[in-house]
Amino acid sequence: MTKEVVQLDQVIIRFAGDSGDGMQLTGDQFTSRTAEFGNDLSTLPDFPAEIRAPAGTLPGVSAFQLHFADHEIMTPGDSPNVLVAMNPAALKANIKDLPRGADLILNTDEFTSRNLAKVGYDTNPLDDGSLDSFRVHPIALTSLTVEALKDFDLGKKEAERAKNMFALGMLSWLYHRPTEATIEFLGNKFGRTPEILAANIAAFEAGWSYGETTEEFSVQYEIRPARMKPGRYRNISGNVALSYGLIAASERAGIPLYLGSYPITPASEILHELSKHKNFGVMTFQAEDEIAGIGAALGASYGGMIGVTTTSGPGVALKSETIGLAVALELPLVIVDVQRGGPSTGLPTKTEQADLLQAMFGRNGEAPVPIVAPCSPADCFNAAIEAVRIATTYRTPVFLLSDGYLANGSEPWQIPSIESLPDLTVQFASEPNHTNDDGSMDFWPFIRDPETLARPWAVPGTPGLEHRIGGIEKADGSGNISYDAANHDKMVRLRQAKIDGIDVPDVVVDDPSGDARVLLLGWGSTFGPIGAAVRRVRSEGLPVAEAHLRHLNPFPKNLGEVLKGYDKVVIPEMNLGQLALLIRGKYLVDAIPYNQVRGLPFKAEELAGVIKDVIASV
Amino acid sequence: MTKEVVQLDQVIIRFAGDSGDGMQLTGDQFTSRTAEFGNDLSTLPDFPAEIRAPAGTLPGVSAFQLHFADHEIMTPGDSPNVLVAMNPAALKANIKDLPRGADLILNTDEFTSRNLAKVGYDTNPLDDGSLDSFRVHPIALTSLTVEALKDFDLGKKEAERAKNMFALGMLSWLYHRPTEATIEFLGNKFGRTPEILAANIAAFEAGWSYGETTEEFSVQYEIRPARMKPGRYRNISGNVALSYGLIAASERAGIPLYLGSYPITPASEILHELSKHKNFGVMTFQAEDEIAGIGAALGASYGGMIGVTTTSGPGVALKSETIGLAVALELPLVIVDVQRGGPSTGLPTKTEQADLLQAMFGRNGEAPVPIVAPCSPADCFNAAIEAVRIATTYRTPVFLLSDGYLANGSEPWQIPSIESLPDLTVQFASEPNHTNDDGSMDFWPFIRDPETLARPWAVPGTPGLEHRIGGIEKADGSGNISYDAANHDKMVRLRQAKIDGIDVPDVVVDDPSGDARVLLLGWGSTFGPIGAAVRRVRSEGLPVAEAHLRHLNPFPKNLGEVLKGYDKVVIPEMNLGQLALLIRGKYLVDAIPYNQVRGLPFKAEELAGVIKDVIASV
Amino acid sequence: MSEAVDLGFPSLRLVPKTEAPQTAKDFKTDQEVRWCPGCGDYAILAGVQSFMPELGLKKENIVWISGIGCSSRFPYYMNTYGMHSIHGRAPAIASGLAMTRPDLSVWVVTGDGDALSIGGNHLMHALRRNVNLKILLFNNRIYGLTKGQYSPTSEFGKVTKSTPLGSLDYPFNPVSFALGAEASFVARTIDSDRKHLTETLRAAALHEGTALVEIYQNCNIFNDGAWDPLKDSDHRDSLTFRLEHGKPITLVDGSRGVYRAEDGTLQIADVDEVGRRSLLIHDAHAADPSVAFGLSRLSDPLSLANTPIGVFRDVKRATYDEMFQAQLHKAQEGGRGDLAALIAGKDTWEIAP
Amino acid sequence: MSEAVDLGFPSLRLVPKTEAPQTAKDFKTDQEVRWCPGCGDYAILAGVQSFMPELGLKKENIVWISGIGCSSRFPYYMNTYGMHSIHGRAPAIASGLAMTRPDLSVWVVTGDGDALSIGGNHLMHALRRNVNLKILLFNNRIYGLTKGQYSPTSEFGKVTKSTPLGSLDYPFNPVSFALGAEASFVARTIDSDRKHLTETLRAAALHEGTALVEIYQNCNIFNDGAWDPLKDSDHRDSLTFRLEHGKPITLVDGSRGVYRAEDGTLQIADVDEVGRRSLLIHDAHAADPSVAFGLSRLSDPLSLANTPIGVFRDVKRATYDEMFQAQLHKAQEGGRGDLAALIAGKDTWEIAP
Ligand SMILES: Cc1ncc(C[n+]2csc(CCOP(=O)(O)OP(=O)(O)O)c2C)c(N)n1
Ligand SMILES: Cc1ncc(C[n+]2csc(CCOP(=O)(O)OP(=O)(O)O)c2C)c(N)n1
Ligand code: SF4
Ligand code: SF4
Ligand SMILES: [Mg+2]
Ligand SMILES: [Mg+2]
C-alpha cells in the first residue's frame, strides 16, 4: 500500500520525552538523515540540568527540535508542526508552543492515571477534548515496540527502552528519510551487544512499517532537498565547529593548541572534542578548577603554545583575575565563554547572551580584551580562527562568546578547503631588540611593533632573550617594574590603543532595497532569528536593514557611519540590553533595545512584529 | 632670639625619604598636630609596594604630603611649597613636582658620592647649581641628630634612626605646631624602651631648638586656624572612617557586623581596624582567600549578620562568582573595594577609579548590584552607612567603592552625634507569608515587598520558616527550582527592577551664579580636586557648575534632568572614561571624559585649565 | 519512629532541642527528588532523614549547605534551612554561618569534584580551623552533574569523555588528605550500608569541630559499580576493614588483620598467622594522626582491597567557632563599646560657634 | 666558580645543557633587589644563584614562576626566563608550562600565604599530579608584603594586626600537608644554612616530578626570629633532626634519636638510653609515606623542638608531564591528523553546481 505523498516546503518537529527516553539521540539521528538528504536545517536541543530527573515529571522533560526545509532557513523554528510526546509530562511541557492544527504524536501507553496525576492532569487529554484543535495521533508506542521485540531474549524494560527507535522509524517513514545510515549508526553504538543491536534495528524497522501500514497516517510527506551553494556539506553543531576551528587555527599557525579547562555546561563538549584529537598535537588538560584551567593555558601560551580556556559564565567570573594578568603580560590567550542563563548558576542548560559586559569589563583596572562572537553553529568554526588570529597577532587575551544555543544547535556546513583558511603564521622573537647606551644589545620585552602595538612573543628556550614579566605595572619598553605616574598613564593608554587599533573587517549591512529607515543590529546567536524575522518583514513589502556584529570589541570602524544612516536602530538581545548600552555610549545613537531573557532563542514571528511596529513608528 | 613671624594662608609640605626613614610616621604626627591646631588639612601618603626597598634607591622612596590652611581646602595640594628630602633619592624622585621658589630642606649627610651615584646624579645637586631656582636649606640632619644624642647609650645606627624626629621638631618649630601631643605619642610608642624614648624626645627637641637658633631659617611661619563649622572635630583617614561607618551602621541596625576578608593593599587596614572592636560585637575573620572571605560573609548574612567583605580590585575579580550568588540569593552583603592601580597587580599602593565597570558588570548573567562611592576620607563614614542601608533594606549585595587616596588620605571631620545617624532597624521575617490552596500556611522566600521588591530575610533558627535557596533560577514566589522560560524572564526583570527602584537622594548641583553652561560631573575621590578646580575657575569670574555622584547604581532620578540643563558636561575620572560611558549610554548626553591614570589624584590647577578650555569652547 | 533522645551531643549543646518527637518524614520536603533512578544519593538521603530525629534538634536550627553537583542538590530535599550555593564554596559559606551562629547545627554536602577539585582550598582550611561543621563528601569518583568527566578521586588511567586515552592524575585519598590538613575527625562509610552510615553520622554529630565523612556513593549512570567490590556480599567482607575504636583491626570476615611489622610499618596478614593478640587496636582518639594516616594508606585505589571504613580519627581540639565566640564575649566583658567614644577617638578639637 | 658538571639530573634530561661554565653571577639580573635589609630572602637568592651552575643547564631553558608576596619577587632577580604572576596561582601557570615544554627546567617560588592560603588548591593538585616542578616555599610564618598578618603556618594564638587578640587557626604543617596530598618529594631546609639549602636544592633538582621544598625564612620586619631556635648556635643542634637517607635519625648534636616504641609509634629518646642500633633509619624512598608523615609530626609548632630538616620523602612515580607527552606522541604515531579529513567527518553530502 503506497500512500499519497504530500510535498511540503518545511517542517518543524519536536521530540519530547523523559530524560531517559533518548530524545536527544533520536533527534540527532533524524537530523543526520535530514542533512544527508540535503534539506537545510537548524536544531534546538533543550534539556534539563539534571542528568535524569525522575521519570514522568515536568522537570525531567527533554526535548529536541528540528526545522528542515527545501530552502535556506535560519532558525530551529518558532512553533513545531509536529510534536512527538513520549508521555503526559512531555505533552504538558510543550503543548503551549504548538499552533492550532499541529500534529501530535502521543505515546498512549504512558497516559496512565498515575502518570497524568504526576503532572497535574485531572482528566486525560487524550479524551477530554482539550486537544481538539490539534491533529492527534494516539499510538501505543511502548507496547508496539514490546510486541515487535517479543521474539528477542530481552527483559520488558530493555525492550521498552527501544521505543525511541520505533518512533524514529515511524517518523523516518513519515518524512521519507533515508534509513541505511541510522542502521549503521546503531551498528556502531551497540556493536558489542548483538542482541540489543538487533532489537534496536527491529524496533526501528517496525516503526517504519507501522507508519506504512497504519491508518493513522493517511499521507507521507516529502520535503525536497534545499538548493544550497554547490559544495561538500556536513551537519555540525557549534561546540564541534568551535573545536575544529581551534584545531584549524593551530594548524594554520604551526603552533600546538593547548586547552586548560574545567568542565561546565554547556562548554564541556569542547574539552571532550579536543581531547579526541591529540593526533594533531592538541593538548588538553582538565584542571582542578577554572582558575587553574586558565592559569595552565596562560603558562602554555608563555611557552609558545596557543593557550585556550573554555568555560561558561560562572567560570569566566572565576577567571577574571587571571584574564587581567594576561592583559598585563600581553600574551595570546583565547577565552571561550559558552554563555548560559544567569545570574549565578542560573539555567545551566539554557542559552543567553548576558555575559557581554562581563567580557568587556569584568576585571579590575583598565583591562581591555577583544571580543569575537560567532553567529551560527557552523560559524563557530570561523569565529574561533578569528579569535586565534587576534590573540596571536596582538598578543592579547581574546574572548570568544558562544552560547548554549549555538553550542548544541546544528546546521549544514559547507566544508571549507584548508587552503582557503587564513595563514596564521607567527613570528616569535629571536633576537635582542634594544641597544644599550654602551652599545651592547639587550632584549626588552615591552618594545612594541609600531603597527600592531604588539610586544614581542619571546619564548623560554630562546637564547639571549631571558627576561622577566609580571602583573605589576612595568616600564614602557624595558618591562622593569615601574611605579612612575607618567609611565602608568602611558601604559594604560598603550594597552587600550592596541586593542582599539585591532584590524577588524567592516560590518556589512544587508539592505537590499536601499531605502530602509530601520536597522536591526545584532550579535551572536540572534543572527538566525533576526534574519528570519527580517525576511518575513520584507516579504510583506516593508524595507528593513540588517547588520550583524562579529566583533564586539573593538567595533568595526564603519559602525558609526552605518548607524547614522538609519532613523531607528533596533537591537534585539537575549539579555537586558548589553550591546545597546555599548552602542549608545559610544555612538550616542538612540538605539532601541528589544530584550528577552527566556533561556531560548527569539521567535522570528515575534521579532517580525517588533520590527513592523518600529517601522510603523518612523 | 625670636624670629620674625610670617603669616601664611596655606602650606603644602612633602616629607620624603627611604622606606625605613619613618616618613609616614613623621607625616602622621605633623598632621595630627596640625589638626589639633585647627587648620583645615588634607593628606596624601605615597609609598612603594615593597616593605622596605634597599636604602637610597629611587624605588625605595616613601613620601607624605600635607596641605594645611587657614581656610577650607579640598585636596592635598598640587605642588609642595616645602620638600623635606632625607637623601638624594628622595630629592630626585620629588624635585619635578616643586614650583620655583619652593623651600628645599636637604639632609646633607646623605649626599655622599656613593648615594648620589646610586640614583644617577653625576654631580652633587647641592653645589652644581641645578637647585638654583629653589630656596635650599642644606642641613646635616643625621649628624646633628647623632650629636644631640651623644650622651645616650645608643649605637650610631640607633641614634641615626631618630633623625626623623629631629626633622619633625625642626618643622614643628618652623610652622608653630604644638609639641605636647607628639611627646605623648612617643611615650606611648616607646614606653617600653625608656632609653629609645628619651632619645627620640631629645632628638625632637633638638630639632625644635635647631630651628629656633639656626640662621638657616630667618623667619617662622604661622597659619591661623581655619574657620570651620562649629563642633567637635578629629582628623580621620578613609579606611578608619569606613570602618567606623560599618560599626555605626551595625549599631543603628541592631545587628552584629561580620567581616570576612583576605588582606590586600590598600584595604587591609579596614580588617585591622575592625578587628580591634570586638567589644561592639564586631566579628572579623581572616579567610584563606578572597572567595572564602566573601563566602563566609555571605554565610553570616544568611545567618542574620551584616556580612561585609573588604578588598581591592584583584580581590573583587575573584569574588565575582560569589557576588553573583548573592544577587541570586537576594541577601544583604557589603563589598568594599578600595580601588588601586590596575590592571592585574598593577600599582598596589597607588590610587585609581578603574573598577567602576567591574563593579557594575563583572559577573555572569544579568546581575545588577547597587554602587555607592564616598567622596572624601571622612565621607567614607557616611557612605558605609548608606551601603549598609541599601543592602539590608533591599536584600542585595552593595558595592562600596573607595580608593587608595581616600583610604590613606586624611582630613578633619566634624564628629556626628549618634542620634543624627539614620535608624537602620531591620525587620526579619517571623511568620509564614503564603496561603496554600488547602488553606494551610507556608513560607515562600521569594514573595516580595510591593514597595522595595525586597524578599523576606528569614534567618535560620526561626521556626516555621524553613526554606531552601540557591543559585539556580527559582520560581517567583515559592523559590523552588524552575527552568520555566517565562519565569526566568520575569525573575531577571524583577531583580533589575528592584535595583533600579532603590530610593536614592537626588544629586545636588552646585551652580552658585545659576548661569553656568558647563557642568563638571564626578564621583568618588575626585571630589576634592574637582571642587578646588571649580573654585579656581569661579575665582576668575567664570561660571561653572558642579555635581558629584554618591550613587553610581542606580543613578539619582533627577540626573537626566540635571545633565540636560548644561551645554557641556565634563567628567574627570582617574580611569579611561568609565562613568562617562554609563552616562552617555543612559542619557545620550555627549559628556566629555577627561582622564588621567597616573596613580595619583588630579591636580586642581590642571583641572582648572581643562574647565576653562571647555568654557571657552561653548 | 525514634524519640528525641538527648544523646548529649556536645557539639550541639548550644542548639535548641525539640520537645516534639520527630520522624524521618519531618525532614522530607515537597520537592521532587531529581536524581537518576538508582543513584546512591537516594540511599544517603534516606539514611540522613532517618538519622536526623536522633539529634533531637529543632528543625529550624539545622542548616544544610552544599556546593554544585548532583550530590549538592541535597539541601532541597531536607525540610530544614538550606542553601545550594556555588561550586566548591560550601565550606567557606558554612564556616561564616557556623562561627556566627553557635545555636545552629550546620551540615555540608559536597561531591568528590566539589570538595577536592574546585573546593580543595576551602575544605583544607575548614579542617585545620576545626569549625563546627559536619561535611558529608559523596565520593562517586566521577563528575556526575557534568556528565561523567574523571574526578580527583578517579582511579589512575580512567577513560572518560575528557580523557579518552586515560587520565594521568594520581588520585587523592580523601582520608589521607584530610589528615594532612589537620582534621580532627575523619571517617568513611558507604551509601548502601544504612547501619554503618547511621553509626558514622552519629559519630560525626557527636564530634566537636569539623567532621569529614567520606561516603562511597554509586553513580549508576556515569561510574556504575565503582564501589561494587565493597558492596557485593560475596567479596565485601574480605575487602573491608571495619575500624572500631578500641577493637583490633580486621577484615569484616575476620580472616586478616593489621599489625605492626618489625620495621614499625603497618602490615596485613592472616590473623591465624600473626595471632589475634598482635593485631593493632584501633585508637581513633590518638593525639598523633600518624597511625590513622597509616591506616588510610592500606587500601589499593584500583582493586579496593583492604579498604578501611569507620572513624579513622576523632580527637578533641578547641573548635574555631567556640574560640571565636569566646574572644567576642571576652572583648565585651568590660562592657559593650561606646560608639560615640569610638568615633570621637582621642585627638579631638572644638571649633567654637 | 663551579663547572657545569653533568649530575645526570634525570628530571632534567630533556633540558639542553650548556657548554659554557657558569657562575652565580650569570644568574644575577640588573634589577635592584627590593627586599628589606636583613631579609632571609637574600640568603636564599644567593644560595640559589650559586647552586644554579651545578645544573649545567642553558640559562634560557630555566624558568622561574612565582605568585605574589615578598618571596614572589624572586624571578625578577634571576637572569633566566621568569614570570611574577598573581597571588597563589604560580603552580597552575607553571604546570601548563612544564607539561608542554619538557625542555625547560621550571621552578616555582611561593610564600606560606601564597602557597597555603590562597594557593592551596593549586599546590595540592600539582603535588598529586607530580608535574616536573620544583617548588620553593619560603615559610616566614607571616604575610610579609601586606605588612604582617598571620599566615596559615603562624603559630596558634599569634597576635598580629588582623588578630589583636590572637589567631585561632590551627597551623598547617606544610610537610604533613604535602604528604597527605600525595607528594612524591618533600623536604625542608633553612635560609641561613647555605650548605643544607644547597644539598636540598640538589635533591629537589634530582627528583623527577613535583618537589616541594619548605624553606624556613626569616622576615626580620614582621616576624623576626621566627626560626631563631633552629638557627642560634647554642640551641639549634639540640632542636634539629637532620634527615639523611639510610642514616639513623638523631638530633644534630647526636644526643637524642627517633625510635619505634613498642606501640609502633615514633618516639624520641636519649640515644644512650635506647641505643644507637634501635634508632630509626631514615628511608626517604619508602613507597608508603606513613613514616615520613610520622616524622613530620615530631616537631612542636610552638617551641620548634624536634624539627626535622632534610628530605622527608623522595619516591619515583611517573610524572604527569612525561605521561602527557607520551600520550601525545602515541596519538601521533599513526601519523599526524589530517585536518581536511577531520573537519569533513564521516557524514557528508555533495550539492552539485
Ligand atoms: C564554577 C563552576 N564550575 C564548574 C561547574 C560545573 N560543574 C557542576 S557540578 C561539577 C562537578 C560535579 O562533580 P562532583 O562534585 O563529584 O558531584 P557529583 O555530581 O558527582 O555528585 C561541575 C564541574 C559549575 N557549576 N560551576
Ligand atoms: C588576589 C590577591 N589577594 C591578595 C593580595 C595581597 N597579598 C599580596 S602578598 C600576600 C601574602 C603574602 O604572604 P606570603 O605568601 O607568605 O609571602 P611573603 O610576603 O611573606 O613572602 C597578600 C595577601 C594580592 N596581591 N592578590
Ligand atoms: S548522574 Fe550519577 S550521581 Fe548524578 S544523579 Fe545520576 S546517578 Fe546520581
Ligand atoms: S617584609 Fe619581611 S619577608 Fe618581606 S622583604 Fe621585608 S623582611 Fe623580607
Ligand atoms: Mg562526584
Ligand atoms: Mg610569608
Side-chain angles (χ1 to χ4, degrees), chain B residues 32 35-36 38 181 227-236 244 247-248 251 256 258 260 277-281 283 285 287-289 291-292 295-300 302-305 307 321-322 324-325 329 381 415-418 460-472 480-481, chain C residues 16 29 31 34 58-66 68 75-76 78-101 103-104 121-122 124-125 324 327-328 330-332 334-337 339-340 342-353:
Chain B
S32 291
E36 207 176 290
R227 231 174 307 154
M228 299 203 262
K229 266 196 248 154
R232 192 138 208 92
Y233 282 79
R234 63 168 288 169
N235 189 49
I236 198 159
Y244 288 178
I247 298 175
E251 292 283 301
Y258 178 91
H277 304 297
K278 296 210 196 307
N279 57 336
F280 287 88
M283 295 171 272
F285 171 57
E288 58 269 29
D289 60 20
I291 304 179
L298 184 59
Y302 178 59
M305 317 289 139
E321 193 203 8
T322 312
L325 175 63
L329 297 180
F381 181 82
I415 302 158
S417 74
I418 305 303
T462 318
L465 308 195
E466 295 84 359
H467 66 279
R468 276 67 51 194
I469 55 179
I472 298 198
N480 291 333
I481 289 182
Chain C
T29 62
Q31 292 300 291
R34 299 192 194 178
K58 293 198 167 165
K59 248 176 17 177
E60 63 267 23
N61 289 75
I62 301 173
V63 185
W64 288 83
I65 298 190
S66 65
I68 297 285
Y76 279 109
M78 291 295 300
N79 194 8
T80 62
Y81 282 87
M83 186 196 293
H84 178 235
S85 76
I86 44 177
H87 200 28
R89 316 303 172 188
I93 296 171
S95 291
L97 182 63
M99 73 179 79
T100 54
R101 293 289 307 270
D103 61 324
L104 301 179
N121 205 34
H122 311 303
M124 71 192 234
H125 282 270
F324 186 82
Q327 270 193 350
L328 209 55
K330 183 130 186 264
Q332 294 176 75
R336 234 186 114 77
L339 184 58
L342 172 75
I343 67 177
K346 284 187 214 147
D347 271 351
T348 65
W349 68 95
E350 188 81 33
I351 305 284

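In what follows, every chain begins at residue 1, and chains take the letters A, B, ... in the order their sequences are listed.
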First locate atom NE2 of B/His277, then atom CG of C/Leu342, and finally report the distance between them rounded to the nearest 0.5 Å.
5.0 Å

State the CD-CG distance between B/Glu288 and C/Asn121, to the nearest 0.5 angstrom.
5.5 Å

Distance check, rounded to the nearest 0.5 Å: B/Ile291 atom CD1 versus C/Ile86 atom CD1?
8.0 Å

Taking CZ in B/Arg227 as the centre, count heavy atoms belonging to other residues, nucleotides or ligands within less than 6.0 Å. Is the count above 12?
no

Looking at every heavy atom in both C/Val63 and B/Tyr302, which two are closest together, and how far apart are they?
CG1-CE2, 3.8 Å

Which portion of C/Lys59 sits near chain B, non-hydrogen atoms under 4.5 angstrom:
both

From the list B/Ala35, B/Gly470, B/Gly304, the residue making the most non-hydrogen contacts under 4.5 Å with chain C is B/Ala35

What part of B/Met305 gets closer than 4.5 Å to chain C, counting heavy atoms only: side chain, backbone, both or neither?
side chain

What part of B/Ser417 gets within 4.5 angstrom of chain C, counting heavy atoms only: side chain, backbone, both, or neither?
neither

So which of B/Gly464, B/Gly461, B/Gly471, B/Ala297 has the largest heavy-atom pair count under 4.5 angstrom toward chain C?
B/Gly461

Is C/Ala94 in contact with chain B via its backbone, its side chain, both, or neither, using a 4.5 Å heavy-atom distance?
neither

If I take atom OG1 from residue C/Thr80 and atom CD from residue B/Glu466, how far apart are they, to the nearest 0.5 angstrom?
7.5 Å

At a heavy-atom separation under 4.5 Å, does B/Ala181 approach chain C through its side chain, its backbone, both, or neither?
neither

Return the minimal non-hydrogen interatomic distance between C/Ile343 and B/Arg234, and the atom names on each side.
O-NH1, 2.8 Å

Most contacts with chain B, counted as non-hydrogen pairs under 4.5 angstrom, among C/Leu97, C/Ile62, C/Asp347
C/Leu97

For B/Pro416, which atoms come within 4.5 Å of any heavy atom of chain C: side chain, backbone, both, or neither?
both

Name the region of B/Ala248, side chain, backbone, both or neither, that has any atom closer than 4.5 Å to a heavy atom of chain C.
both

Atom CG of B/Asn279 and atom CG of C/Leu328: how far apart are they, to the nearest 0.5 Å?
9.5 Å

Take C/Arg34 and B/Ile481, measure what side-chain contact (heavy atoms from CB on, under 4.5 Å) needs, and give me the verdict at the end.
CA-CA 11 Å; C/Arg34 299 192 194 178; B/Ile481 289 182; 3.6 Å; yes

Name the orientation class of the two ring planes belonging to B/Tyr258 and C/Phe324 (parallel below 30°, tilted from 30 to 60°, perpendicular beyond 60°).
tilted

As an exercise, state the distance from CE of C/Met83 to CD1 of B/Ile469, rounded to the nearest 0.5 Å.
4.5 Å

Which atoms of B/Thr462 approach chain C - backbone, side chain, both or neither, heavy atom under 4.5 Å:
both

Option that, when pairs with chain B are counted at under 4.5 Å, heavy atom only, ranks first among C/Thr100, C/Ile65, C/Asn79
C/Thr100

Shortest non-hydrogen separation from B/Leu465 to C/Tyr81 and the atoms involved
CB-OH, 3.2 Å

Would a 4.5 Å heavy-atom cut-off, applied to side chains only, mark B/Arg468 and C/Gln31 as touching?
no

What are the two closest non-hydrogen atoms of C/Ala92 and B/Ala292, and how far apart are they?
CB-CA, 3.7 Å

For C/Arg336 and B/Gly281, which heavy atoms make the closest approach, and how far apart are they?
NH1-N, 4.0 Å

Test side-chain contact (heavy atoms from CB on, under 4.5 Å) applied to C/Gln327 and B/Lys278, step by step
CA-CA 8 Å; C/Gln327 270 193 350; B/Lys278 296 210 196 307; 3.4 Å; yes

Side chain from CB out, backbone as N, CA, C, O: work out which of these in C/Met78 comes under 4.5 Å of a heavy atom of chain B, or both, or neither.
backbone

